[in-house]
Amino acid sequence: MVGIGGGVAISEFFGWLWHWGVEHRGWFGDKIRDAHVHHHYVVYPMERIRRPEYYISSNSWSWYVLAGLVTAFVLSISYVVGQILGGIAVVVCGALYGRFIVNNFHEAFHIAGHPLTFSDWFRKLRHYHDLHHLVNGNYGIVSMLIDRVFGTFVKQVPRSARQE
């Protein structure tokens, strides 16, 4: 259970941090940020935020860099505290969560008529993702809890942005 909970928590926290700091603030330079900006404004601008056929990948290789950094961090800490098997469990669960849950949800947000749109919960989550393409906020993908914790949650388009 620690592996699952820890993996999800690590994935959510570092995913939010990477999305906010690296892909939007450019902590590691313009190359990674520009690839993400391309996803927002060229591939999926608001007027074409959903495509009917399939998801067009943003080819964001930077998430593999993040996975490597998080893996090294978690395994180093788990080695120091003598819990290497627990660290491995956290890394594996976090990687599986990121790849199969976070990635698939993000793709689903951009596909028109996706089968999950029957769910109110999914439509609400997709709405928050749509807002992310309009304003600085909602950097989480599957959970907005991390955005609420760090003050980046946006429930609706701010009045000032609506006027623009």
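All figures in this text were calculated on a predicted structure; none of them were measured in a lab.
- Rounding to the nearest 0.5 angstrom, the gap separating the CZ atom in Phe73 from the CG atom in Leu66 is 12.0 Å.
- A 4.5 Å side-chain heavy-atom check between Leu125 and Met144 finds at least one atom pair inside the cut-off.
- Arg51 contributes a side-chain N or O that, together with a main-chain N or O of Val43, makes up a donor-acceptor pair within less than 3.5 Å.
- For Arg48, there are no side-chain hydrogen bond (donor to acceptor under 3.5 Å, both in side chains) partners at least two apart in sequence or on another chain.
- With rounding to the nearest 0.5 angstrom, the NE2 atom of His114 is 8.5 Å from the CZ atom of Phe105.
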Please set out all donor-acceptor pairs under 3.5 angstrom arising from side-chain atoms of residues 76-95, sequence neighbours excluded.
from	atom 1	to	atom 2	distance (Å)
Ser76	OG	Ala72	O	2.7
Ser78	OG	Val74	O	3.1
Ser78	OG	Leu75	O	3.0

For the pair Trp27 and Leu17, evaluate side chain to side chain contact (heavy atoms under 4.5 Å, CB included) and give the outcome as yes or no after the intermediate values. CA-CA 11 Å; Trp27 286 353; Leu17 188 64; 3.8 Å; yes
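- When all heavy atoms of Val154 and Leu131 are compared, the pair lying nearest together is O-CD1, 3.4 Å.
- Considering all non-hydrogen atoms of both residues, Ile49 and Tyr44 come closest at O-CD2, 3.2 Å.
- Phe150 and Tyr139 have their aromatic ring centers separated by at least 6.0 angstrom.
- Residue pairs that meet the salt bridge (charged side-chain N to carboxylate O under 4.0 Å, His left out) test with at least one member in residues 71-80, sequence neighbours left out, do not exist here.
- The distance from the CZ atom of Arg126 to the OG atom of Ser119 is 10.5 Å, given to the nearest 0.5 Å.
- With sequence neighbours left out, the side chain to side chain contact (heavy atoms under 4.5 Å, CB included) criterion links Lys124 to Tyr128.
- Within the structure, every pair that satisfies the salt bridge (charged side-chain N to carboxylate O under 4.0 Å, His left out) test and touches residues 3-31, not counting sequence neighbours, is listed here: Asp30-Arg33.
- Listed by chain and residue number, Asp120 satisfy the side-chain hydrogen bond (donor to acceptor under 3.5 Å, both in side chains) test with Arg123 (two or more places apart in sequence, or in another chain).
- Relative ring orientation between Trp18 and Trp63 is described as tilted, the plane-to-plane angle lying within the 30° to 60° band.
- With sequence neighbours excluded, the residues satisfying ring-ring contact (aromatic ring centres under 6.0 Å, His included) with His133 are His39, His40, His110, His129.
- A distance of 13.0 Å separates OH in Tyr64 from OG1 in Thr71, rounded to the nearest 0.5 Å.
- Looking at residues two or more places apart in sequence or on another chain, you find no side-chain hydrogen bond (donor to acceptor under 3.5 Å, both in side chains) involving Asn136.
- Every side-chain hydrogen bond (donor to acceptor under 3.5 Å, both in side chains) that Asp147 has, sequence neighbours left out, goes to Trp16, Thr152.
- Once rounded to the nearest 0.5 Å, the distance linking NE2 of His24 with CD1 of Ile32 reads 13.0 Å.
- Considering CD1 of Ile111 and CG of Leu116, their distance stands at 10.0 Å, rounded to 0.5 Å.
- Applying the salt bridge (charged side-chain N to carboxylate O under 4.0 Å, His left out) test to every pair with at least one member in residues 127-140, sequence neighbours left out, gives these pairs: Arg50-Asp130.
- Residues meeting the salt bridge (Lys or Arg N to Asp or Glu O under 4.0 Å) test with Arg148, sequence neighbours left out: none.
- Members clustered with Tyr41: Val37, by chain and number, using a 4.5 Å side-chain heavy-atom cutoff among hydrophobic residues.
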Apply side chain to side chain contact (heavy atoms under 4.5 Å, CB included) to Phe109 and Ile141, showing your working. CA-CA 9 Å; Phe109 294 153; Ile141 302 292; 3.9 Å; yes
